[in-house]
Amino acid sequence: MTRLTKKNFKDRVYEIVKKVPKGKVTTYGEVAQVLGKVRWARQVGWALHQNKQSLRSSSFDKLRTAGLKDSNVPCHRVVDRNGRLAPNFAFNGAKEQRRRLEVEGVEFVDRAHVDLEKCLWQG
DNA sequence: GATCTGACTATCT
DNA sequence: AAGATAGCCAGAT
């Protein structure tokens, strides 16, 4: 088992998030727990923030046209402990994140919270 | 190295 | 239910 380091931290986060199936969501805390770092929720969020920036590059379109839609991390499937969406999801806003989740079949208990009871992914 | 910031969380109002 | 507060810990300045 490789020791968790700052250097591989982001990659580990991305690996885990990629395992979240369509129609399910996970939380920052859950990911942190899988990494063995229960209190790293904020760092998980930080890692996903970095990922967002990489998606800005033109390589995103190339990967997409190549049929590699999943080559990017489905960060819209990561919500906070209350099922609340990130206040500033990527550069499309929380509205876009919610739309993507609804398309995938994730249920919402109200306007701003996903149904964690039904849709929280538990590995 | 001190201080501030934040895609977090638990707890208290 | 929603806002404030206090811990949390890596990065940025």
Side-chain angles (χ1 to χ4, degrees):
Chain A
M1 185 55 189
T2 13
R3 207 181 93 97
L4 179 64
T5 67
K6 292 164 240 167
K7 189 177 192 310
N8 62 28
F9 174 69
K10 286 196 297 186
D11 291 330
R12 298 283 292 279
V13 170
Y14 300 155
E15 274 183 46
I16 293 167
V17 174
K18 282 180 183 175
K19 289 179 181 172
V20 179
K22 181 180 173 184
K24 292 285 182 181
V25 298
T26 191
T27 68
Y28 303 98
E30 277 288 316
V31 175
Q33 198 165 27
V34 172
L35 290 171
K37 298 286 184 181
V38 185
R39 306 177 195 284
W40 278 36
R42 298 189 90 146
Q43 280 60 250
V44 172
W46 165 80
L48 293 176
H49 184 78
Q50 301 303 301
N51 176 63
K52 171 204 75 177
Q53 296 185 347
S54 69
L55 287 186
R56 279 172 165 280
S57 75
S58 59
S59 65
F60 175 68
D61 281 336
K62 292 180 182 176
L63 290 171
R64 205 169 47 177
T65 40
L68 299 175
K69 286 186 282 192
D70 289 336
S71 61
N72 62 86
V73 181
C75 47
H76 56 284
R77 294 184 191 142
V78 185
V79 298
D80 75 14
R81 207 49 178 155
N82 295 311
R84 186 83 176 82
L85 308 183
N88 292 305
F89 174 67
F91 39 91
N92 291 317
K95 292 182 299 247
E96 173 63 11
Q97 180 176 11
R98 179 174 168 221
R99 194 185 62 72
R100 290 194 195 184
L101 290 172
E102 289 180 318
V103 166
E104 296 187 347
V106 174
E107 296 180 36
F108 282 69
V109 295
D110 68 31
R111 198 162 177 283
H113 299 73
V114 303
D115 190 340
L116 287 179
E117 293 286 312
K118 293 180 181 174
C119 301
L120 178 60
W121 174 66
Q122 294 149 116

Over how many whole Å does the gap from A/W46 atom CH2 to C/dG11 atom P extend?
-> 4 Å
Spacing between A/F9 atom CZ and B/dA7 atom P, to the nearest angstrom = 14 Å
Among the candidates B/dA7, B/dT9, C/dA10, find the nucleotide nearest to the side-chain atoms of A/A86.
-> B/dA7
Heavy-atom closest contact (A/V44 atom, A/Y28 atom, distance) = CG2-O, 3.8 Å
In whole angstrom, what separates A/E30's CD from B/dT9's C1'?
-> 13 Å
Considering only heavy atoms from C-beta outward, does the side chain of A/W46 approach that of A/R42 to under 4.5 Å?
-> no
Whole Å only: how far is the CZ atom of A/R84 from the C1' atom of B/dG6?
-> 16 Å
Round to a whole Å and report the spacing from CG of A/N82 to P of B/dA7.
-> 17 Å
Quick one: does A/R42 reach the base of C/dC8 with a side-chain donor-acceptor pair under 3.5 Å?
-> yes
Nucleotide of C/dG11, C/dC9, C/dA2 approaching A/W40 most closely (side-chain heavy atoms) = C/dC9
Of A/Q97, A/E104, A/E96, the residue whose pairing with A/R100 passes side-chain hydrogen bond (donor to acceptor under 3.5 Å, both in side chains) | A/E96
A/Y28 OH - C/dG7 P separation (whole Å) | 24 Å
If you check the A/Q43 side chain, which of C/dA10, B/dC8, C/dA2 turns out closest?
-> C/dA10
How close or far is atom C1' of B/dA10 from atom CG of A/D80, stated in whole angstroms?
-> 12 Å
N-O pairing of A/E15 and A/K19 below 4.0 Å = no
Starting at NE2 of A/H49 and ending at P of C/dC9, how long is that distance when rounded to a whole Å?
-> 21 Å
